[in-house]
Every structure is written in C-alpha cells, then in structure tokens.
K.L.:
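I'd like to ask you about the structure that follows.
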Amino acid sequence: MRYTSTRGNENILPSREAVLKGLSPDGGLFMPLDLDFHSFKAEELYQLPYREMAERILSFFFDDFSDIKEVVRQAYENSFDTEEITPVKAVGDHYVLELFHGPTLAFKDVALQLLPRLMAAAAKETGSASDILILTATSGDTGKAAMEGFKDVPGIRILVFYPYGGVSPVQQLQMTTQRGNNVRTCAVRGNFDDAQTGVKQIFETLSETCAAKGTVLSSANSINIGRLVPQIVYYFKAYSDLIRSGRIAAGDPVNFTVPTGNFGDILAGYFARCMGLPVKKLICASNTNNILTDFLTTGVYDRNRPFYKTISPSMDILVSSNLERLLYMLSGNDASYTASLMRDLSEKGRYEVTPELLQKIRETFACGFADDEATKKTIGRVFKENGYLMDPHTAIAWAVSEDFSSSGDPDASLPNIVLSTASPYKFPQAVSDSLRLPLSDSEFELMDAIRASSGVPIPENLAELRTLPVRFTDVITKEEMNDFVLKLIEK
Ligand SMILES: *Cc1c(COP(=O)(O)O)cnc(C)c1O
C-alpha cells in the first residue's frame with residue numbers, strides 16, 4: 001500500500017514512512033493511494049473479537065508491516081478495563097458506544113495505545129538507528145493519552161506542552177504525575193495556540209539539528225494516519241454487537257452520531273462505510289463552535305468567527321484538520337482542488353466547496369449542535385430518565401441524535417449509535433452542575449459528590465491522582481521552548 005499527500009501526488013511513500021512522518025512536507029495529510037475499499041470483506045468481521053477485527057483492518061491499510069498481530073496484542077492486552085475494549089450499552093431508544101475504557105478515560109486511548117507500537121515497529125523495519133522524540137501540544141486529553149501510550153516504548157521519547165492554567169486541574173495532574181522513564185511534560189505561558197504554534201515552529205527550525213544529533217522529531221496528533229485507522233475498528237465492533245444481541249440482522253443500515261472536533265473520529269466512521277459497513281448516516285455533532293454544522297449545511301467553511309470556551313473543551317476547535325481527507329476523497333482524489341481549498345483557508349480563513357461536492361457530502365453526513373445549556377440539560381435528563389451518566393461531549397452527541405430522530409429525515413428511524421468519548425469523571429465541574437449538586441473548587445470533592453448521587457464508581461486512574469507524586473513542574477515561556485527541546489536531546 002502506497003501513501004500520498006492530499007495536496008499533491010509527487011511524494012509517494014510506503015505506509016510505515018507515512019506513520020513515522022505523520023504529516024506530509026507539503027502540509028497535506030497522508031492518504032492511501034491505491035486503496036480499493038470495495039475489496040474489503042466487511043461481513044467476514046462480524047463474528048470476530050475486537051483484537052482480530054483490529055488485525056484485519058490494520059493489515060488492510062498497513063500491509064508493509066511484518067507483525068501487526070503483535071502490535072495489536074501489545075496495544076490492547078492489559079490497557080483497557082474490559083476485554084470488549086469498546087462495549088455498547090442500550091440506553092432508552094439509543095445505543096451508546098463507550099470508548100472511554102482505556103487508561104486515560106477518553107476515546108483517544110483507542111488509537112494512542114496502538115500508534116506508539118506501530119511507530120516503534122515502523123522504525124525497526126526501516127532500519128533507522130535514530131531515536132524518536134514525539135512533540136505534542138495539548139489542550140488536555142491528547143497529551144495525557146499520548147504520554148500513557150508512549151510510556152516506556154523503546155527508542156521513543158515524548159514531550160508534551162500544555163498551556164499554563166489552560167487545562168483542567170484533573171487534566172494537569174494526569175500529565176504531571178505520569179509514570180514512565182521516557183515521558184516529560186512542561187507548561188507554557190500562553191494559550192493552546194501559543195503552545196501549538198511553538199511546536200510547529202520547533203519542527204521547522206530544529207528538525208535538522210535534532211537529526212544531526214541522532215533524534216528524529218515526530219508527532220502524535222490526530223492527523224497521523226496511524227491514529228485514524230485504529231478508530232475504524234470500533235464502528236465494526238458496535239455493528240457486530242447489535243447483530244449479536246439480535247437488534248439488527250447483518251446488512252441492516254444504522255446511523256452513528258459522533259461528537260466532533262478535529263473530524264478524526266467521524267472520518268474513521270466514513271472509512272468504515274467505504275469498507276462496506278452498512279452505515280447510512282454519520283451525524284456530526286458540534287458544540288457552540290459549530291463551524292462544521294455551518295459547513296455541512298451551506299458548503300462554506302469560514303473560521304472568521306468568535307472562538308467560544310465551552311464545557312466540552314475537546315471540541316473547542318475551529319480548524320477541523322481531518323476534513324481535508326474527506327474533501328480529497330469525495331472530490332475523486334483531486335489533490336490540486338484540495339490544495340486550493342486549503343490555500344483559501346490559510347489566506348482568507350474561508351473556502352467554499354462546489355455544489356456537487358456539498359451534495360455528495362450530504363448524502364452521508366447530517367449535522368447539528370448543542371450549546372452548554374442544552375448539554376447540561378441533556379446530562380440531567382438522561383440520568384433522570386435512564387439512570388445513565390454521560391460526559392458533556394457524549395451529551396452533545398445524544399442531543400443532536402435526538403434532534404435528528406425527530407427531524408423527518410427519511411433515515412431518522414434507523415437504529416442510532418451514539419459515540420461516547422469520555423468518562424463523566426473527566427469533567428466533574430460540568431457534570432455536577434448538570435446534576436444540580438453543590439458547587440466546589442475541588443474537583444475531587446465534586447467527584448465524590450457525583451459518586452454519592454449517581455452510584456457510578458470513580459475510575460481508579462482518576463481516584464489515584466489525589467495521592468500520586470507530581471513529577472514535572474516546569475513552566476516556561478514560548479520563547480524558551482526551543483532550548484527546552486535541545487536540552488532534552490542532549491541528555
Ligand atoms: C478529541 C475528543 C473529541 C473530538 O474528536 P475528533 O476526532 O477531534 O473529532 C470528542 N470528545 C472527546 C472527549 C475528545 O477527547
């Protein structure tokens with residue numbers, strides 16, 4: 001399988017190089033060049049357990065790796081609290097696909113438990129003698145999931161920058177107490193964009209210096225194709241669960257509703273659909289930063305708009321990077337068209353797709369959004385009616401999915417699977433507020449109150465944060481980021 005960039009087909013690489021590099025030098029994202037999605041036999045997967053599904057799907061995309069089976073085994077052997085990895089729960093009229101059973105309680109674990117092993121295997125097979133340093137800027141969830149995934153993986157180190165005071169206390173503790181001898185985190189004075197721009201700038205200015213010292217820089221964020229592919233698996237898993245429980249027969253169409261930020265999770269669902277999984281509609285759920293709702297309605301993507309801080313911070317995003325892959329695929333792999341849209345986005349902050357392309361997108365993608373008020377009401381109401389406690393991101397998907405069910409759309413009555421992307425205990429402030437519990441500044445007190453009122457146990461990995469020693473206390477300015485990296489490499 002060869003990979004190429006969404007912005008130009010000159011640069012052609014085997015899959016392991018695409019995984020190691022993460023981003024194409026022309027700024028585009030890697031896509032499989034000669035993938036015949038239709039040759040995939042979806043129905044052969046329905047009887048398989050999670051890990052075997054993962055092996056089949058990963059081998060389809062990454063056919064130049066010699067031991068995918070071992071990569072999958074290492075990723076999912078002990079890291080999730082259930083053999084099922086991503087269980088499905090029937091709640092009211094919906095199904096909830098729980099993606100938060102990994103070590104950091106957010107759905108990013110599903111991909112970030114696997115990507116590090118995939119990278120290590122790729123580095124070994126390309127015969128590179130260099131060390132790899134993963135650099136990541138995070139607004140909260142990605143950083144912790146990446147540190148946990150790369151922890152003690154041989155030949156790879158990871159450094160995560162987060163905005164000082166810009167992540168929740170629980171998220172900060174999750175990172176500063178992280179175990180492992182190859183992990184490091186550091187706070188940067190400024191906001192998330194400062195940290196992110198700093199990291200991009202390090203790639204531009206320090207890549208060669210680092211390479212000369214025997215360290216290759218790479219990234220673990222969601223534009224890496226090695227993060228996207230592992231997410232396809234749980235769409236198959238959810239579908240096969242509904243078959244097994246007799247709710248559907250093999251071949252019946254279903255809808256998925258996905259709480260969306262960077263468009264990675266929902267794009268994995270689109271890949272599953274292309275591979276023959278009977279997905280009718282993918283419903284894209286946003287918060288008040290509803291740039292995708294507008295795009296999917298009008299065909300205009302316009303980031304010239306206010307940025308809102310919401311109670312679903314992992315979806316507070318105005319540039320949904322992975323949408324580029326969808327535009328590329330649905331324009332018939334037209335790299336120059338995709339590149340022109342992305343040029344418009346960087347120069348004018350907006351682009352508009354052709355009416356034909358918009359229509360194609362809308363054949364599969366429906367959309368909607370929920371603001372903070374609606375999100376909290378949904379958490380409270382679903383708990384009251386069904387005894388099921390959701391985090392704010394999941395609640396957005398639930399609310400949008402209900403709107404879709406009553407929309408009069410011809411597909412509105414199909415079985416609907418809502419993706420649940422985080423444990424409610426990751427966002428104690430918003431969840432306790434939704435349940436109308438007393439206010440507190442201590443997130444641990446709020447967790448206790450949520451447990452007392454809901455009966456849902458506090459995940460061990462969050463409970464232990466109260467007593468774990470803090471290992472990393474660095475706070476630097478963005479001007480000091482370069483030096484921080486250079487010092488780390490000298491060691
Ligand atoms: C990252 C994240 C999302 C958004 O996923 P994308 O792949 O960026 O669309 C939703 N919910 C939670 C809890 C997340 O951490």
Side-chain angles (χ1 to χ4, degrees), residues 78-89 91 96-110 112-113 138-145 147-149 151 162 167-180 185 259 311-314 375-376 378-398 418-471:
N78 295 315
S79 49
F80 283 68
D81 69 10
T82 155
E83 258 309 290
E84 284 203 78
I85 312 295
T86 61
V88 174
K89 305 268 163 76
V91 182
V96 179
L97 170 56
E98 293 186 346
L99 303 175
F100 55 79
H101 288 269
T104 79
L105 296 317
F107 93 97
K108 292 182 172 72
D109 286 328
V110 180
L112 279 168
Q113 283 297 307
T138 185
S139 58
D141 287 337
T142 299
K144 171 63 182 181
M147 289 173 89
E148 187 63 35
K151 171 185 74 183
Y162 66 91
V167 301
S168 80
V170 164
Q171 287 173 323
Q172 177 167 334
L173 269 180
Q174 277 192 302
M175 291 189 280
T176 55
T177 58
Q178 174 67 47
R179 302 175 179 97
T185 190
I311 57 168
S312 44
S314 303
T375 306
K376 286 187 203 168
T378 304
I379 295 174
R381 180 168 50 81
V382 172
F383 182 69
K384 204 163 154 222
E385 289 172 5
N386 305 295
Y388 187 78
L389 191 62
M390 296 186 289
D391 101 289
H393 304 77
T394 309
I396 288 171
W398 183 286
V418 169
L419 272 60
S420 174
T421 48
S423 155
Y425 284 106
K426 268 203 111 160
F427 303 95
Q429 205 69 268
V431 171
S432 62
D433 199 14
S434 309
L435 299 177
R436 299 176 185 279
L437 301 174
L439 302 178
S440 162
D441 286 339
S442 155
E443 296 207 313
F444 292 113
E445 270 177 29
L446 293 173
M447 286 186 198
D448 287 338
I450 296 170
R451 185 183 42 82
S453 116
S454 71
V456 178
I458 303 174
E460 181 51 37
N461 288 356
L462 291 181
E464 72 171 11
L465 292 177
R466 289 177 214 231
T467 51
L468 276 186
V470 170
R471 299 181 60 199

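Because only heavy atoms are used, hydrogens play no part in the values below, and waters and symmetry mates are left out as well, while side chains stay in. The residues of the chain are indexed from 1 along the displayed sequence.
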K.L.:
Do Val96 and Val88 make a side-chain contact, defined as non-hydrogen atoms from C-beta onward lying under 4.5 Å apart?
P.N.:
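In short, these two side chains do not touch, never coming nearer than 4.5 Å.
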
K.L.:
How many angstroms lie between CD in Gln113 and CG in Asn78, if you round to the nearest 0.5 Å?
P.N.:
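CG of Asn78 is found 10.0 Å from CD of Gln113.
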
K.L.:
Apply side-chain contact (heavy atoms from CB on, under 4.5 Å) to Lys426 and Thr104, showing your working.
P.N.:
CA-CA 9 Å; Lys426 268 203 111 160; Thr104 79; 4.3 Å; yes

K.L.:
What do the steps show when you test Thr394 against Phe100 for side-chain contact (heavy atoms from CB on, under 4.5 Å), and what is the final call?
P.N.:
CA-CA 11 Å; Thr394 309; Phe100 55 79; 5.7 Å; no

K.L.:
Taking atom OH of Tyr162 and atom CD of Gln172, what is their separation to the nearest 0.5 Å?
P.N.:
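The OH atom of Tyr162 sits 3.5 Å away from the CD atom of Gln172.
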
K.L.:
Run the side-chain hydrogen bond (donor to acceptor under 3.5 Å, both in side chains) test on Gln178 and Lys151 for me, step by step, so that the C-alpha distance in whole Å, both residues' side-chain angles and the decisive distance to 0.1 Å come before the verdict.
P.N.:
CA-CA 9 Å; Gln178 174 67 47; Lys151 171 185 74 183; over 6 Å; no

K.L.:
Rounded to the nearest 0.5 Å, how far does CE of Met147 lie from OG1 of Thr176?
P.N.:
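Between atom OG1 of Thr176 and atom CE of Met147 there are 8.5 Å.
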
K.L.:
For a quick test of reading the model, state the closest non-hydrogen atom pair linking Ser79 to Pro103 and the distance between them.
P.N.:
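Heavy-atom minimum between the residues: O-CD, 3.2 Å.
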
K.L.:
Using atom types as modelled and distance alone, determine if a side-chain donor or acceptor of Ser434 lies under 3.5 Å from a backbone N or O of Ala430.
P.N.:
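The answer is yes, because a donor-acceptor pair under 3.5 Å joins these two groups.
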
K.L.:
Less than 4.5 Å apart, side chain to side chain, heavy atoms only: is that true for Pro313 and Phe427?
P.N.:
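Heavy-atom side-chain distance check passes, below 4.5 Å.
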
K.L.:
Do His393 and Phe107 have ring centres separated by under 6.0 Å?
P.N.:
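They do not qualify: ring centres at least 6.0 Å apart.
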
K.L.:
If you look at every heavy atom in Ala397 and Leu419, which pair is closest and at what distance?
P.N.:
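Answer, listing the atom of Ala397 first, then Leu419: CB-O, 4.3 Å.
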
K.L.:
List the atom of Ile379, the atom of Ala395, and the distance in Å for their closest heavy-atom pair.
P.N.:
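Nearest pair, atom of Ile379 first, then Ala395: CG1-CB, 3.5 Å.
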
K.L.:
Identify the heavy atoms of Phe444 and Leu462 that sit nearest to each other, and give their distance.
P.N.:
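The answer is CE2-O, 3.8 Å.
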
K.L.:
Would you check if Val470 and Leu173 make a side-chain contact, meaning some heavy-atom pair closer than 4.5 Å?
P.N.:
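Yes. Closest side-chain heavy atoms under 4.5 Å.
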
K.L.:
Between Glu148 and Arg179, is a side-chain contact (heavy atoms from CB on, under 4.5 Å) present by the stated rule, with each step listed?
P.N.:
CA-CA 8 Å; Glu148 187 63 35; Arg179 302 175 179 97; over 6 Å; no

K.L.:
So how far is it from Thr375 OG1 to Asp433 CG, rounded to the nearest 0.5 Å?
P.N.:
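The OG1 atom of Thr375 sits 11.5 Å away from the CG atom of Asp433.
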
K.L.:
About how many Å separate OG of Ser432 and NZ of Lys376, when rounded to the nearest 0.5 Å?
P.N.:
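Separation between the atoms: 9.0 Å.
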
K.L.:
By the definition side-chain contact (heavy atoms from CB on, under 4.5 Å), identify the one residue from Ile450, Leu435, Leu105, Val431 that meets it with Pro424.
P.N.:
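Of the listed residues Ile450, Leu435, Leu105, Val431, the side-chain contact (heavy atoms from CB on, under 4.5 Å) partner of Pro424 is Val431.
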
K.L.:
Applying side-chain hydrogen bond (donor to acceptor under 3.5 Å, both in side chains) between Ser314 and each of Asp391, Thr138, Asp141, report the one that passes.
P.N.:
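When Asp391, Thr138, Asp141 are each tested with Ser314, the side-chain hydrogen bond (donor to acceptor under 3.5 Å, both in side chains) holds only for Asp141.
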
K.L.:
So which heavy atom on Asp81 is nearest to which on His101, and how close?
P.N.:
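Looking at all heavy atoms of both residues, the closest pair is OD1-ND1, 2.7 Å.
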
K.L.:
Any side-chain heavy atom of Ile396 sitting closer than 4.5 Å to one from Thr378?
P.N.:
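Side-chain contact under 4.5 Å: no.
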
K.L.:
Locate the shortest heavy-atom distance separating Asp109 from Gly102; write the atom from each residue and the value.
P.N.:
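Result for this residue pair: OD2-C, 3.2 Å.
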
K.L.:
side-chain contact (heavy atoms from CB on, under 4.5 Å) with Leu437: which of Ser454, Pro428, Ser453?
P.N.:
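Exactly one option meets the side-chain contact (heavy atoms from CB on, under 4.5 Å) with Leu437, and it is Ser453.
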
K.L.:
Taking NZ, NE, NH1 and NH2 as the nitrogens, is one of them in Arg466 or Glu460 under 4.0 Å from a carboxylate oxygen of the other?
P.N.:
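Not counted as a salt bridge, because no side-chain N and carboxylate O are separated by less than 4.0 Å.
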
K.L.:
Going through the distances and angles, do Ser168 and Glu443 end up as a side-chain contact (heavy atoms from CB on, under 4.5 Å)?
P.N.:
CA-CA 9 Å; Ser168 80; Glu443 296 207 313; 4.0 Å; yes

K.L.:
Using a 3.5 Å distance criterion without hydrogens, assess whether the side chain of Gln174 forms a donor-acceptor pair with backbone atoms of Lys144.
P.N.:
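Here the side-chain-to-backbone pair does not exist.
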
K.L.:
For the residue pair Arg471 and Thr177, establish whether any side-chain heavy-atom pair is separated by less than 4.5 Å.
P.N.:
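Not in contact.
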
K.L.:
How long is the gap from OH on Tyr425 to CZ on Arg451, to the nearest 0.5 Å?
P.N.:
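So the OH of Tyr425 and the CZ of Arg451 are separated by 7.0 Å.
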
